[in-house]
Amino acid sequence: QLQLVESGGGLVQPGGSLRLSCAASGFTLENYGMGWFRQAPGKEREGVSCISSSGMTTNYADSVKGRFTISRDNAKNTVYLQMNSLRLEDTAVYYCAADLVTTGCSLYRDFDYWGQGTQVTVSS
């Protein structure tokens with residue numbers, strides 16, 4: 001069964017850090033571009049970051065550039081999102097997703113497989 005499972009969310013103070021993980025089962029991540037998205041209540045889903053299959057190419061939303069870093073460990077079949085200098089507006093459910101059509105990285109594509117999401121809450 002194809003699955004993406006996010007973990008690492010939680011409650012953090014402004015300025016703090018979290019690292020989200022997305023572990024795949026049932027397929028191998030190595031061949032696919034991966035992305036992180038987020039959605040806050042009442043707001044549209046936002047593409048946060050994506051990474052090509054090789055890890056050589058990454059893209060970030062302007063709102064997270066310089067603060068978030070996407071990475072992947074294909075040997076572990078896992079993608080990560082390191083989130084530093086967290087702000088209140090980063091509060092959202094974060095989802096990872098796999099693009100099974102391309103090895104590249106574009107947040108404007110329709111991703112094919114999605115995890116269940118992990119809640120990130122930034123609050124003092």
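Residues take their numbers from the sequence shown, with the count starting at 1. Note that the coordinates shown come from a computational prediction; the quantities given were computed from them, not determined experimentally.
- Evaluation of the ring-ring contact (aromatic ring centres under 6.0 Å, His included) rule for Phe37 yields Phe111, Trp114 as partners, not counting sequence neighbours.
- With sequence neighbours excluded, no residue forms a side chain to side chain donor-acceptor pair (under 3.5 Å) with Gln39.
- The minimum heavy-atom distance between Ser124 and Pro14, with the atom names listed, is N-CD, 3.7 Å.
- Cluster annotation: Val12 and Val93 are assigned to distinct hydrophobic clusters (Ile/Leu/Val/Met/Phe/Trp/Tyr, side-chain heavy-atom contacts under 4.5 Å, transitive).
- Atom CG of Asp112 sits about 10.5 Å away from atom CG of Leu4, to the nearest 0.5 Å.
- Between Met34 and Leu29, some side-chain heavy-atom pair lies under the 4.5 Å cut-off.
- For residues 85-118, the disulfide bond (SG atoms under 2.5 Å apart) pairs, not counting sequence neighbours, are Cys22-Cys96, Cys50-Cys105.
- Remark: Ser63 OG to Glu89 CD distance equals 8.5 Å, nearest 0.5 Å.
- For residues 16-34, every residue pair satisfying the side-chain hydrogen bond (donor to acceptor under 3.5 Å, both in side chains) rule, not counting sequence neighbours, is listed here: Ser17-Asn84.
- Interatomic distance, Lys65 NZ to Thr58 OG1, rounded to the nearest 0.5 Å: 10.0 Å.
- Qualifying side chain to side chain donor-acceptor pair (under 3.5 Å) partners for Arg67, counting only residues two or more places apart in sequence or in other chains: Asp90.
- Looking only at distances, no side-chain donor or acceptor of Arg109 sits under 3.5 Å from a matching main-chain atom of Thr102.
- Ile70 contributes atom CD1, which lies 12.0 Å from atom CD of Gln82 (distance to the nearest 0.5 angstrom).
- Under a 3.5 Å cut-off, the side chain of Thr91 and the backbone N or O of Val122 do form a donor-acceptor pair.
- Note that CH2 of Trp36 and CG of Leu81 are 6.0 Å apart. Values are rounded to the nearest 0.5 Å.
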Ser123 vs Leu11, side chain to side chain contact (heavy atoms under 4.5 Å, CB included): CA-CA, chis, key distance, verdict: CA-CA 7 Å; Ser123 177; Leu11 176 65; 4.0 Å; yes
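- Thr69 is linked by a side chain to side chain donor-acceptor pair (under 3.5 Å) to nothing, counting only residues two or more places apart in sequence or in another chain.
- When side chains are defined from C-beta on, Thr57 does not count as touching Ile51, because their heavy atoms never get closer than 4.5 Å.
- For the pair Gln116 (side chain) and Glu6 (backbone), a donor-acceptor distance under 3.5 Å is present.
- For residues 113-124, the set of pairs meeting the salt bridge (Lys or Arg N to Asp or Glu O under 4.0 Å) definition, not counting sequence neighbours, is empty.
- For the atom pair Thr121 OG1 and Leu18 CG, the distance stands at 9.5 Å (nearest 0.5 Å).
- A donor-acceptor pair under 3.5 Å is absent between the side-chain atoms of Asp99 and the main chain of Gly104, judged by distance alone.
- Annotation: salt bridge (Lys or Arg N to Asp or Glu O under 4.0 Å) contacts involving residues 44-57, sequence neighbours excluded, comprise Arg38-Glu46.
- Around the CZ atom of Phe27, the shell of radius 6.0 Å holds more than 12 heavy atoms that belong to other residues, nucleotides or ligands.
- Met83 is connected to Leu88 through a chain of hydrophobic side-chain contacts under 4.5 Å among Ile, Leu, Val, Met, Phe, Trp and Tyr, so both are in one cluster.
- Remark: Asp110 engages no residue in a side chain to side chain donor-acceptor pair (under 3.5 Å) (not counting sequence neighbours).
- What you find for Ser49 and Leu107 is that their closest heavy atoms are O-CD2, 3.4 Å.
- Side chain of Asn77 to backbone of Ala24: a donor-acceptor contact under 3.5 angstrom is found.
- Counting side-chain heavy-atom gaps under 4.5 Å among Ile, Leu, Val, Met, Phe, Trp and Tyr, Val5 is found in no cluster with other residues.
- Taking the salt bridge (Lys or Arg N to Asp or Glu O under 4.0 Å) definition, one finds that Lys43 meets it with nothing, sequence neighbours left out.
- Sequence neighbours left out, not one pair with a member in residues 47-90 passes ring pair (Phe, Tyr, Trp, His ring centres under 6.0 Å).
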